[in-house]
Structure formats: structure tokens, C-alpha cells
> 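Quick one: this structure, given as C-alpha cells, is what I'll be asking you about.
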Amino acid sequence: MPYSVVPPLNLRFPASNIGAKMTRMTIPRFLLDPKNHTRPYPDERSREVMRATIAFFEAKGKVRLRADDLARTWYDDFLAFVKKDRVFATLLTPSSEANGDADADCRWDTWRNCELNEILGFYGLCYWYTWQVSILGLGPIWMSPNAALRDKAKKALADGGIFGFGLSEKHHGADIYSTDMTLTPRPEGGYFANGDKYYIGNGNKAAILSTFGKIAGSDEYVFFAVDTQHPNYHLVKNVVASQSYVSEYRLTEYPIEECDILSRGKDAWNAALNTVNIGKYNLGWASIGMCTHSFYEAINHAANRRLYNMYVTDFPHVQRMFTDAYARLVAMKLFALRSADYLRAASPEDRRYLLYNPVMKMKVTTQGEEVIDLLWDVIAAKGFEKDTYFDMAARDIRALPKLEGTVHVNIALIVKFMPSYFFSPAEYPAVPRMDAAKNDDFLFQQGAASGLGKIRFHDYAPAFDAYPLPNVALFQEQIAVLKELLMTATPDEAQRKDLDFLMTLGEMFTLVVYAQLVAENAKIYAMEDQLVDQIFDCFVRDFAKFAQELHAKPSSTAAQMACCIRLIRKPIFDEQSYQRVWKDHVLALKGAYEMNP
């Protein structure tokens, strides 16, 4: 059967009156709705690009979208649209590289790039992927002092070109210390490049493939530009079964001149890490887009299907799963938008984005998996059907936590910030919503990829204090116990080296950072108190889950276990508030969107 349900039980529970004290508000729809796309823009060109992209996919329709997916068809039609409408050229050409009035609308604007990320994810991960890999490939170019290569990239963008980022290798993964790609000096000048790269997107068609390696016989790193159509460039294979081309490629005596060098030494090293800082942020947006489309498809199906003389959405457990999925999805988008504010506000004196970006990559993408799982538990067998978007999303959502560094790699980075975040807050000017039409210059001027221990963060407490809500208060109590654990039951040296132990502790810390930015942005976007409290209902349960895991670790001490027991709290439930969220936010999306056939 398409649903795992049982005949209804006639059980009734009393409701409290907490929700009755909350004021009803009318707020604009927060999730992307392509057929009611009313997001404000500071300029007409930005609106034009987003609406044209939506129109391309709606004209293509779901039948062709799925047919191309199942046939693993390379997306020439999408790239032809990108070229015709100058989509990538407009969004990925920094204003510093623009040519006067002809490129007046060109800028690298994270705010509007976020939306294209979301729209492309909404229609299919493969379309997002070619955009994302182009962002990575352009990073070392826009950071390079090589003006000729920057000009070449600008012209390639104008001609509809895509780009690639040759960093990882088959036997070393993303361990860039151990790269086997080398440039060997030639007697007559220049170099020969030799080596393999693996899992490199757009390797079949990239106009410029930014490739990382070393000068042979030295420890000097180098980034250089590769032409994928050169006879000494060998495209070995597509390593995945997908519309996307995720390549293995080999360079054999590939000639490199000085004019092909993007950066060397520390500059090349910093370019690699700083490009990842920019690129990893985008993965969360792909999850948000996929989950949003899947949510519409799931609620439309469930709300129109009757079992046991009831609509499926009348079952209490179905309402709970949909409400959880919705609350988590809204939180994902709130965090994503707020972390973009800090990314755009960044400077040499304010590098808080170096915590928020890996949280975006790791937490939002894993929450995306949870949203899909909740929806799938409702629609069950329907989620496997080949004519649904959901079937595609359920497959592809799993990739995002595992790309641009695994969850474990990102948590290992995140925990480095835990002491300064909890115990050394600093004063910063308030960061508003950063939606101005401006170029994000700092992204390509990040400087040395070091000094993480010196970064300070603003006090998290005011974000939570702004919400005198039951589950926000519970969450604050859980934070206090976690801080107590860190101060009075501090992990010993062996535990600090135990990645299994640190992963769970890191999940708890990540949840605090995530919740802080969600709360900050809920105020900015005037989210209803009922919805905010429902989001924190999820967070309280998540904290308890991680506490149970930490309690069960082989190395956890008696003092740590005692703190873990105190972290296991039950959210405060209010029937009236819950029903308000269910009816006015969740069920209200029934029929709101369906992709053109």
C-alpha cells in the first residue's frame, strides 16, 4: 500500500491554553513557490534571471525532466538557456571584471546567488551541480593575479561556458597535502603537467578547469588552468551514473606555460581552501530546494488521498510528520539566509562565516535528509514512482552531506570554534539582512586560511532571550547544561583525540549555533511565535537524542553521563499552537504548487 496507516483510534487529549495567548499574524509564504514568485529584488535584472530560470523549467515540464533524468541525458538544453539569457555571466562575473554599461548588472552577489541555488535544487540536483562546480572552478581564477586568465574566464562566461575545480584525487580524496599532480619544468621553459584527478564535475565541457598540484621535486603548491579540449587532456570516464558528468581525467605531458599559472605557493594553498569556503555554503541551498519541491508533491498527494474513509492528512501521526518536516525545512532556510548575511558582512576583522559555512554545509544538508525521510514515511511507495520528482530527490538528497567534505570532516572543523563561541564572546555591530545589490569583494580576498583560534563570536544568548516561548526556554536550559559539561566534566586528552566521541559532542555544539541563527532570522522575517516554538520543539528533541548518544559512548565519564541525563528533556506541547501551525502553515500548502506536466 502507498501508506503505512492503521484504522483510526478514538483517543482525545486535553489542550492547554498557551496557544490562545498568541496573536494571529498574516505573513508572506516563506518557502519558494515558483508559480507565485513575489520575492522583492533591488534591481530588475535579478528578477529577470530568476523568473526566466523558473520559466525554462516549467516549460520543460515534469515529464521531460524525469525522462532526461532516467536517461541520464546531458543537459544541453539547460546550458543553451544559460548562454542565451546570460545567467551564469550575470551572476558569476564580479563587478571588478565587468566592462562598463555592457556588464552593468554583473556582480558576485551572494544574496541573489542563494536564490538561483534554491531554484536549481528545486528542479533537480544535476542542474544545480553544473552551477556549483562552475562556482568552485571560478574561485581560483577570480583570486588570481593573472589578468589574462581572468579576462578569458569572463569571456567564457559570456559565451555560456561552465567551469571545473580539479582538486580531489582517486587515491587521496580531498587530502590536498598528498597531491600527485605535478608540473615538471621543461628545459626550454614552461612545464609538463602529469597526473590524475578524480570526481571532478564538468570535466567533459569546462571552458577552464582550475587544477591543483605541486611543482615537481618540491613542496610548492600550484593552481593552473587546463583546457578540456586539449589533445593531452584525457577524459577517462564519468564516475557516476547521472546526468551530471563527474569526471576522472588524466594529464599526460600536458604543456603549461607561465601564462597558464593561476597561483603558486601559499597563494595556491589559500585559493584551494578559500574556494571551498565559498562553495561548500551552496550545498545547503540545494537541499532546501529539493525538500521544498518534495514537500509540495507529498502534501498534494496525501491531502487528496482517502483511506479508511479519511484523508491521509487527517491521521495524527501523518500531521506530526508533516509538521516536523515543515518546521525543519523552515529552519533550514532561516539559517541559510542568516548565514549569508554573515558571509556578506565578512572582513579580515570579522570571520565568523568560517563557523557558519561548515554548519550550513553539514547541518542543513543532514536536516534535508531528515525532511525527505519524514515525507517518505507518509507517502511510502509513492516515493518510488518514476514519474514523481520525489523519487529523484530521495535519491539525490543523500549526496549533499557527503560532498565538499563529509559530515565528519566539517564537524571536526566546527568543534575548533567551540571554546571561543561559548567562553570568549566579543562585541560586534549588529548585522542586518544583507540583501543590497553589491559585489561581495571579500570572498576573493579572504587572505590566509589560518588563525581559526583567533576568531570570536557575538553572544548567542540575546537571540534566544528575544523569544519568551516554552521550548526556546527549554533549549536554553539544555545549552546551560552543555556548558556545564564542558566546564566541569571537560573531555580529557584521550576523548579530545577520539573522533567518535567528538562527533557527537560536535553535533550538540552545532545544534546551538544552528538554533542561534535560526532565532536571529526568525525575528528578521517576523515568523509567528507558534512556528518558532514548533521549530524549537524539534531542537529540544534533537538535543536529547545527541545526549543519549554521548551518554552511551564507551569513554563517557560518570560526570559527563550525569550531564547527559539532564539534557534529555521533553518538549512542551500545546495543542492549540500545534493545530495553528498544522492548519495555517502546513495543510495550507495543499494545492499551492504543482509542476507543469
Side-chain angles (χ1 to χ4, degrees), residues 30-32 110-111 113-115 117-118 121-122 277-292 295 324-346 352-372 397 400-401 404 407 410-411 413-414 417 421 430-435 457-458 460 462-464 466-467 471-472 475 479 506-528 531-543 546 585:
F30 186 60
L31 300 182
L32 172 67
T110 299
W111 176 259
N113 286 358
C114 287
E115 184 164 13
N117 270 307
E118 184 180 19
F122 187 94
N277 288 339
I278 299 169
K280 71 166 60 176
Y281 168 81
N282 298 321
L283 278 79
W285 279 109
S287 285
I288 292 165
M290 285 195 286
C291 288
T292 303
F295 194 98
D324 252 24
Y326 179 81
R328 291 182 185 279
L329 178 52
V330 169
M332 289 162 63
K333 189 166 183 178
L334 285 170
F335 180 87
L337 288 167
R338 189 58 178 152
S339 57
D341 295 336
Y342 288 103
L343 184 59
R344 302 197 78 194
R352 287 174 286 178
Y353 73 100
L354 291 176
L355 169 59
Y356 304 145
N357 278 20
V359 172
M360 172 73 171
K361 191 275 165 195
M362 166 263 170
K363 186 67 178 178
V364 174
T365 60
T366 53
Q367 284 292 285
E369 288 188 289
E370 189 153 353
V371 169
I372 292 294
I397 199 78
L400 294 165
E404 311 300 334
V407 169
N410 281 280
I411 290 181
L413 172 60
I414 288 165
F417 298 105
Y421 179 91
V431 173
R433 185 164 79 178
M434 301 289 287
D435 56 358
F457 301 89
H458 59 297
Y460 57 83
F464 302 124
Y467 281 103
N471 287 308
V472 177
F475 190 79
I479 296 172
E507 287 274 15
M508 297 165 80
F509 170 50
T510 299
L511 181 59
V512 177
V513 179
Y514 185 70
Q516 178 199 344
L517 266 61
V518 168
E520 287 182 8
N521 224 17
K523 278 294 180 188
I524 292 172
Y525 283 87
M527 291 291 161
E528 291 183 327
L531 179 56
V532 174
D533 203 54
Q534 191 64 46
I535 289 170
F536 275 81
D537 177 293
C538 297
F539 292 166
V540 169
R541 284 182 278 128
D542 290 348
F543 224 139
F546 296 134
H585 290 269

> Under the side chain to side chain donor-acceptor pair (under 3.5 Å) rule, collect the residues that match up with Lys363, sequence neighbours excluded.
none

> Taking only residues two or more places apart in sequence or in another chain, which ones pass side chain to side chain donor-acceptor pair (under 3.5 Å) with Thr110?
Asp440

> Can you list the steps and then say if Lys333 with Thr292 is a side chain to side chain contact (heavy atoms under 4.5 Å, CB included)?
CA-CA 10 Å; Lys333 189 166 183 178; Thr292 303; over 6 Å; no

> Mind telling me whether Phe539 and Phe475 have parallel, tilted or perpendicular rings, with 30° and 60° as the class edges?
tilted

> For residues Glu528 and His585, is any side-chain donor paired with an opposing acceptor at under 3.5 Å?
yes

> Closer than 3.5 angstrom, by distance alone: can the side chain of Asn357 be matched with the main-chain N or O of Tyr281 as a donor-acceptor pair?
no

> Does the Lys361 side chain pair with the main chain of Pro401, one donor and one acceptor, at a distance under 3.5 Å?
yes

> Looking at Ala331 and Ile535, what are the two nearest heavy atoms and their distance?
CB-CG2, 3.9 Å

> With side chains defined as the heavy atoms from C-beta onward, is the minimum distance between Phe543 and Ile479 less than 4.5 Å?
yes

> Which residues pass the side chain to side chain donor-acceptor pair (under 3.5 Å) test with Asn282, sequence neighbours left out?
Asn117, Gln132

> Could you give me the CA-CA distance, side-chain angles and deciding distance for Val371 and Met332, then say whether side chain to side chain contact (heavy atoms under 4.5 Å, CB included) is met?
CA-CA 10 Å; Val371 169; Met332 289 162 63; 4.0 Å; yes

> With sequence neighbours left out, what residues match Tyr460 under ring pair (Phe, Tyr, Trp, His ring centres under 6.0 Å)?
Tyr421, Phe422

> Are the side chains of Trp285 and Met360 in contact, using a 4.5 Å heavy-atom criterion?
yes

> Are side-chain heavy atoms of Glu507 and Met362 found at a separation under 4.5 Å?
yes

> Quick check against the 3.5 Å criterion: does Asn521 have a side-chain atom that pairs as donor or acceptor with the backbone of Leu334?
yes

> Would you say that Leu337 contacts Trp111 through its side chain, given a criterion of any heavy-atom pair below 4.5 Å between the two side chains?
yes

> Are the side chains of Lys523 and Tyr467 in contact, using a 4.5 Å heavy-atom criterion?
yes

> Using ring pair (Phe, Tyr, Trp, His ring centres under 6.0 Å) as the criterion, list what pairs up with Phe335, not counting sequence neighbours.
Tyr514

> To the nearest 0.5 Å, what is the distance between CG (Leu283) and CD1 (Ile288)?
11.0 Å

> Less than 4.5 Å apart, any side-chain heavy atom of Pro432 and any of Asp341?
no

> Does the side chain of Val330 reach to within under 4.5 Å of the side chain of Gln534, using non-hydrogen atoms?
no

> Who are the side chain to side chain donor-acceptor pair (under 3.5 Å) partners of Glu520, not counting sequence neighbours?
Arg338, Tyr342, His458, Gln516

